[in-house]
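The figures here come from the full heavy-atom set of this structure, side chains too, leaving out hydrogens, waters and symmetry mates. In the text below, chain A, chain B and the rest are named by the order of the sequence lines, each starting its count at 1.
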Amino acid sequence: MSGVTCSSRGSAPSFHRAIAPSRLCRRGTIHDHGGPRMLETIRRELASAVAAALTAMNVEEAQVFLDVAPRRQLGDLAWAGALPLAKSLRKPPRAIAEDVARRLEEVRAGLAETHPLALLEPGFSIEGAGFLNFRLRRGPTLAHLLLASSSTVTDQGQKREPGFTPGKRGGSPAVARERGSSEGPESPPKKKMIVEHTNINPNKAAHIGHLRNAVLGDTLVRCLRFLGNPVEVQDYIDDTGVQVADVVVGLLYLPEVQLLAAVAPVWPEIEGTPSRARVLDALAVRAGEGTLVKETLGSPDFDDVCWDLYPRVTRWYEQDESALKFRAEVLHAVEGGFPSEMTLNEAIDRLVSPDDGPRTTDHASVSRLAAAVAEANLRCHLVTMGRLGIAYDVLPHESDILHRGFWRRALQLLLGAGAIRKETEGKNAGCWVMSLVDSPEFAGMADADKILVRSNGTVTYTGKDIAYQLWKLGLLRDDGGTLHDFGYRAFDRFAQEGSTAPVRYGFGEGALYRTASDPDERPAGVSFGAAARVYNVIDARQSYPQKVVKEAIRVLGHPEAAENSVHFAYEMVALTPKAVKRLEEAQGLDFGLSEEDLSKPFIEMSGRRGIGVKADALLVTLIGEAERAIAERRGADDNSTPEQRADRARAIAVGALRYQMARQGRNRVLAFDFDEALAFEGDTGPYLQYSAVRAAKIFEKLGAQGLAGSPEVDAEAVAAAAVPDDLWDLVFACARTTEMVEKAVGALEFSLLAGHARDLAQAFHKLYHEHPVLHAEDEGARALRRGVFRVFAATIATILETLLGIPVPAEM
RNA sequence: GCGCCCGUAGCUCAGUUUGGAUAGAGCGUCAGACUCCGGAUCUGAAGGUCGCGCGUUCGAAUCGCGCCGGGCGCACCA
């Protein structure tokens, strides 16, 4: 086996002579960990060596943590542990550090060249109050990184129009290879994880708040996959709630003038005889043709119609309370469902009489219409997210949770555990409530009970979420122990013009599925749920109900699963008053905000009032600005086609948007401002993209002059070279990428990763000016710079495309 | 009232999970950059009682306690 491992990586025989004369290739040598995890390996080995030295000094303390030295002149890695030991050992910290250093030196001297610690420079230094600092052998370390990144630049640095790397089971070739070798055949497979994000009510267009959710969720997915975890992505669809019902109320009952005001500007075919019947008919026709969702960026789509219709309905309720009876009726109808064979056409025929007279209230038909509304909005959302490189594996529908009896089963389990009771008196009389008085988490609450079933017998959101969460964790089981599961069916859209080839949403490799309420409906090989860990990306405003869900899992006897049910909370996206005014001007609207509202630092978005920045609208604006920027900057010297320029503008727009969402800490309210969102200079996505484009450009030019070199050639040239501080700084920072990803995932804080990417780009841009490659003084200098920039190019491409989901265009 | 989050340069924000060496970016302001790999870049300057106080510690932006200011929750909404 060891021979196989060696030969599979041994693409550079000359390098192996220089750095690794030993043919020994057992596990645990640096060659098994030379890629993205190289620095982790060295730190781990060094930590255990320090721990061993301490043991030899009769120190019991076992936890050894190696820091990164604050400035490169001081060293690369640092151990600060001598300082706290000074008291108990009654020795000055510097003396302790010296003792440890001496012992480490002895150990190091006896190591084989292939040992990870052989990459440490001999002669550890002690600085300041007693910091023990370590330096890496720069040339050999850089050489290792070059070989690990081999192929990334040559593959990706070529002329290439922007596109998304498949986020699916992803990673660059280098990453995938490294994963395979670093874990080895014996290491147990990592456990399955589920990330649930997006979760937009399917009753109107997505806005920038939803974008924050989806970008955070998708970034988490990408990072988890990068670290080798199998991840399933879910987008929960609340297709039976009040919000969808309100749009249906709008279509069926809202005074016709209002309905037409929302629909007419978008659907020209109703112009001749504008009426409710024409609107519903047009809806059915479009759905039949497959044109209800048009997917053309920049022109209004069905979700835009709903965006306009929905606030009109809520305003109607405010003006006329009796209209609320329609909402209740539609909700009731939706709950009942409809026969699976019922078509939308049939439903609409029954809902509209030919002369547009009194409408029937056929419940199954209303329910069928609601399903169509939800599905059309959902498809719009999937298209919007696809534009940002965000894809899903499965779409659990709330209607299926209900019809499949998830809640019934969850209720039985809760009853069995004695966690729920039916109130017979007091304000909650007639409700099923979960008592939280015994839970420390809820101590001090005035009313520590949570209603799960209303007095009218319907289940609350929290109740449904408990059932859903149990299913995700594989804990929703029937008495026999078998999983209580959904059915599934494909949710691909189909290409127009008769093709039956599905077109995938987003850029994932696998097909997209939705749930079904018949458990026997199950395409071969399809299975979802039952993960060891679940991340739920949900607004911080829902922290309380999320805690209740977690508590329910705990009291059902699954404390470990409860710990693995993670609420990934983030603060809301609001608008600056300036942004609100700009929206009002652009749309010719008046949101009716008070002076007090406008004096606040930010204003909350409101779908009900129609206050918000739509995701697609922002993307269109960004693309327009990017096109203008390209024209301004490149002018006559750009000989690309309009299509190429459009692609670049799109990549820049996506980069700006995703970076803005990732760079801000999740616990801070994001006050959206147009000027900030449209910035392409400084700490922005395009700044990072430009660094990647610039680096790739160097290799393009080098290639044209026959000076391209290769990772192997550069590795050999660099192994014995003296690497100056500034170049080494960049190399070392690149090597820290995996550490940063682990940190970001551990803290669920992607500002760490965004900041890391910006630091890398900044360092590169500076070096770019100071270290010319093409016009280097001599071949030695050129090879060194080429090697450093090659590592940077591979690293930044991986961070942007694989981790942050930011496409790197060929030109800008 | 109770709970959670935020307070760092004129403005927008990193850094707090795991205390460590001289607290960092961007924007804005001012002054600059080679006939040479793309100026969406780079260099320099000015700009800080890390909200306030007390404590723990060899060491605090980071940990604890108490205040002050702001936001969000505490639904038979989702």
Classify the nucleic acid contact of [X] as base, sugar-phosphate or nothing, counting any heavy atom under 4.0 Å across all strands shown.
| X | value |
| --- | --- |
| A/Q689 | nothing |
| A/Y768 | base |
| A/A429 | base |
| A/L752 | sugar-phosphate |
| A/A80 | base |
| A/A78 | base |
| A/N201 | sugar-phosphate |
| A/P84 | base |
| A/F65 | base |
| A/H771 | base |
| A/A86 | nothing |
| A/P601 | nothing |
| A/Q243 | nothing |
| A/N199 | nothing |

Would you check if A/Y544 stacks with the base of B/G73, given a 5.5 Å centroid limit and a 30° plane limit, both strict?
no

So among A/V459, A/I401, A/L411, A/I466, which one has a side chain to side chain contact (heavy atoms under 4.5 Å, CB included) with A/F406?
A/I401

Taking A/F568 as the fixed residue, which of A/I538, A/V537, A/N536 is the one that meets the side chain to side chain contact (heavy atoms under 4.5 Å, CB included) rule?
A/V537

Side-chain donor/acceptor contact of [X] with base of [N] under 3.5 Å:
| X | N | answer |
| --- | --- | --- |
| A/R71 | B/U22 | yes |
| A/S543 | B/C4 | no |
| A/R634 | B/G38 | yes |

Heavy-atom count around A/R608 CZ within 6.0 Å, excluding the residue itself: above 12?
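Not more than 12 within 6.0 Å, no.
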
Below 4.0 angstrom from OP1 or OP2 of [N], is there any side-chain N or O of [X]?
| X | N | answer |
| --- | --- | --- |
| A/Y570 | B/C4 | no |
| A/Q762 | B/C42 | no |
| A/R668 | B/G71 | no |
| A/S751 | B/C13 | no |
| A/K766 | B/U41 | no |
| A/R663 | B/U12 | no |

A/E571, nearest nucleotide to its side chain (from B/U41, B/C5, B/A78)
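Nearest to the side chain of A/E571 among the choices is B/C5.
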
Using Watson-Crick or G-U wobble geometry with both distances under 3.5 Å, which nucleotide pairs with [N]?
| N | result |
| --- | --- |
| B/G1 | B/C74 |
| B/C52 | B/G66 |
| B/U35 | none |

Have A/Y461 and A/D238 got a donor and an acceptor in their side chains that come within less than 3.5 Å?
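The answer is no; no qualifying pair exists.
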
Just by distance, no angles: are the side chains of A/H771 and A/D726 close enough, under 3.5 Å, to form a donor-acceptor pair?
yes

Inspect the contact between A/R43 and A/E739 and indicate whether a charged nitrogen and a carboxylate oxygen are less than 4.0 angstrom apart.
yes

Testing the basics here: between A/I208 and A/L575, what is the closest heavy-atom pair and its distance to 0.1 Å?
CD1-CD2, 3.9 Å

Comparing A/R758 with A/K743, nearest RNA chain B nucleotide closer to 5' gives the residue A/K743

